[in-house]
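Report on the structure given below.
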Amino acid sequence: MSALAEAAFRAKVAVGGRSSSAALRGFLAADVEEPTALEARSRRRAAALARFAIERSPFYRDYYTGHGFRPSDLDDPDAFEALPLVDKQMLREHHDAVRTDEATPRTSAVSSTGGSTGLPLRILRDLRFPARALEWRLLSWWGVSPADDRAIVTRHMHAGLDRARHTASWWPSRRIQLDAFRIDDDAVRAFAEEWARVRPRFLLGYGGGVLELVRRIERLGLALEPPAAVAVTAAPLAPGTRAELEAALGAPVHDHYRSAEVPWLAGECLAHDGLHVLADVRRVEVLDDDDLPAAPGVEGSVVATDSTNRVFPLIRYRLGDISSLLPGACACGRTLPRLGPIVGRSSDAVRLPDGTTIAGALGHVFDDAPLSVRQFEIVQAADASVTLRCIPGEDAEAGIARAVGRLREALRDQVPVRLELVDEIEQVGGKMRFIRSAVREA
């Protein structure tokens, strides 16, 4: 983007985006807040939201009082972590009762999950919160300006009048898009032509969609001018996949964590040492199988609270993902807590004949040789047998052989394990998964 276009964008924000600019200043200050003070503020905000919900949401009133809680109990922030969890099925069944009396057409808008791992879920976003400033916060970590032209590879496509309004809203910054559900040769050629015309500084997309894009670009003999940064989400980012994307795009790749229900949860900084949780507005817990806090470095179920949504509160909401809270501090100087990699979804699991379920741990079979594969998946057939499908990377033979051994050991030789070397692994709508199983949960 030219200096003139950048100035025009800044002037536009100064007129119509003052709340976002003010919020961004507060977010950047929180990035380096003293950790104990930040943790205390996070707990107070989460408890205050829970008290608001028990008073103003019919669902939370009945749910919390049914578990013995009174509004005054939430005056103590320590009571927050004793609250019962909420999951997708509850929100789906009690949608109208979850919304509070602050939900109006002016204060709220519908947002839906894609339903790639089950039935879609509709929630309400609180339009009073300047959510775009959370994205700007991450962009600042990656050396990108919100005014920069960008390319997008997701399922959220704008078309017709909606696209014209979207284009106008971001003028003079330009945006080109590729539908993650329709990545074919013709679409990629058209996208590459737009890329050459716009020359975006930033590429944002589903990890699997971006991976499919760069592989087709290479196969078609095309080229993309390197952007300044790439950000991916909605899929586990294995080291081999990151290396492939960075080599193909000529730019650093940054992982970040977001969902339709709770957008902008966490993201990597330039150190690439875990994902910094936006803890001033998002409270993230990692719980063990007994729904108790998992020890630092131990993987468990991710539970999130959005402290900014008062129209459709999401409090101790089980996202269905598996990760860990990392100990220690990041070299970048930010004091925000950090999550480890999102290693998969709790619903993605291998199920053994003795009733054992193994989920996130299998995403680590290549940890001692991460670049020996560009991509892999573990597929369990209906007869419980398991296939490790791999796209070979560097020094593949020894690394893959060790991974097969680790997989057999993890499955305790209860089911047959075979290896399949492949040239490609299909993704659905740009979202990658480490584990796919045809064995139904008992």
Side-chain angles (χ1 to χ4, degrees), residues 30 33 35-54 60 63-64 67 69 73-74 76-91 98 113 121 123 134 233 236 255-268 274-309 312-330 334-348 359-361 363:
E33 188 173 348
T36 303
L38 177 61
E39 166 64 12
R41 183 156 68 100
S42 173
R43 292 171 72 87
R44 286 196 305 271
R45 289 195 69 173
L49 178 67
R51 170 147 192 171
F52 170 81
I54 200 174
Y60 283 103
Y63 190 42
Y64 288 165
H67 282 79
F69 287 90
D73 294 332
L74 277 308
D76 177 6
D78 290 340
F80 177 81
E81 291 180 356
L83 291 172
L85 303 183
V86 172
D87 60 28
K88 285 182 172 61
Q89 186 62 25
M90 291 180 185
L91 298 184
V98 172
T113 66
L121 170 68
I123 63 112
L134 288 179
T233 190
D255 197 5
H256 68 295
Y257 187 25
R258 59 195 290 191
S259 72
E261 305 97 300
V262 187
W264 309 112
L265 281 153
E268 287 185 323
L275 296 98
H276 290 282
V277 177
L278 308 182
D280 47 329
V281 290
R282 310 290 192 232
R283 184 156 187 82
V284 175
E285 305 168 70
V286 176
L287 305 182
D288 63 19
D289 292 342
D290 296 317
D291 288 338
L292 297 173
V298 176
E299 289 174 354
S301 177
V302 178
V303 171
T305 299
D306 180 354
S307 298
T308 68
N309 190 340
F312 196 90
L314 294 167
I315 302 169
R316 303 204 78 204
Y317 172 59
R318 193 189 297 274
L319 281 164
D321 297 315
I322 298 172
S323 186
S324 60
L325 286 170
L326 299 183
C330 182
R334 293 180 181 86
T335 55
L336 300 168
R338 290 172 301 141
L339 282 174
I342 308 302
V343 297
R345 297 189 62 82
S346 55
S347 57
D348 293 342

Enclosure of D78 CG (heavy-atom neighbours >12, cutoff 6.0 Å): yes

Once side chain to side chain contact (heavy atoms under 4.5 Å, CB included) is applied, do any residues pair with A82, and if so which ones, sequence neighbours excluded? F69

side-chain contact (heavy atoms from CB on, under 4.5 Å) evaluation trace for V86 with V98: CA-CA 11 Å; V86 172; V98 172; over 6 Å; no

Apply the test side-chain contact (heavy atoms from CB on, under 4.5 Å) to residues E268 and L275: give CA-CA distance (whole Å), side-chain angles for both, the deciding distance (0.1 Å), then the verdict. CA-CA 4 Å; E268 287 185 323; L275 296 98; 4.2 Å; yes

Is it true that R282 and T308 share a donor-acceptor pair across their side chains at a distance under 3.5 Å? yes

Kindly write out the residues that satisfy ring pair (Phe, Tyr, Trp, His ring centres under 6.0 Å) with Y257, not counting sequence neighbours, or none if the list is empty. none

If you apply the rule side-chain contact (heavy atoms from CB on, under 4.5 Å), what do you find for V303 with L319, and how did you get there? CA-CA 6 Å; V303 171; L319 281 164; over 6 Å; no

Hey, are the side chains of V286 and L339 touching, using non-hydrogen atoms and a 4.5 Å cut-off? yes

By side chain to side chain contact (heavy atoms under 4.5 Å, CB included) - contacts of P236 (at least two apart): F434

What distance do L121 atom CG and Q89 atom CD have between them, rounded to the nearest 0.5 Å? 9.5 Å

Results of salt bridge (charged side-chain N to carboxylate O under 4.0 Å, His left out) for D291 - residues two or more places apart only: R318

Apply salt bridge (charged side-chain N to carboxylate O under 4.0 Å, His left out) to R45 and list each qualifying residue two or more places apart in sequence or on a separate chain. none

Min side-chain heavy-atom separation L83-Y63 under 4.5 Å: no

CG-NE2 distance between L326 and H276, expressed to the nearest 0.5 angstrom: 9.5 Å

If the condition is side chain to side chain donor-acceptor pair (under 3.5 Å), which residues does Y317 pass it with, not counting sequence neighbours? K88, E261

What pairs with E81 under side chain to side chain donor-acceptor pair (under 3.5 Å), at least two apart in sequence or on another chain? R43, R283

Taking atom CG of D280 and atom OG of S42, what is their separation to the nearest 0.5 Å? 8.0 Å

Given the rule in the side-chain contact (heavy atoms from CB on, under 4.5 Å) test, do D288 and V298 qualify, once you have shown the distances and angles that lead to the verdict? CA-CA 8 Å; D288 63 19; V298 176; over 6 Å; no

So which atom in L49 and which in S307 form the shortest heavy-atom distance, rounded to 0.1 Å? CD2-CA, 4.0 Å

Heavy-atom pair of closest approach, residues V284 and V277: CG2-CG1, 3.7 Å

Given side chains that start at C-beta, do those of P35 and L38 come closer than 4.5 Å, heavy atoms only? no

Test of understanding: with side chain to side chain donor-acceptor pair (under 3.5 Å), list the residues that count as partners of D255, not counting sequence neighbours. none

Are the side chains of W264 and V281 in touch, meaning some heavy atoms are under 4.5 Å apart? no

Across all chains, not counting sequence neighbours, the side chain to side chain donor-acceptor pair (under 3.5 Å) partners of R44 are none

Quick one: list whatever passes ring pair (Phe, Tyr, Trp, His ring centres under 6.0 Å) with Y64, sequence neighbours left out. Y60

Taking all heavy atoms of P327 and all of G297, pick out the closest pair and write down the distance. CD-N, 4.2 Å

Considering all heavy atoms, the nearest L265-S259 contact: CD1-OG, 4.4 Å

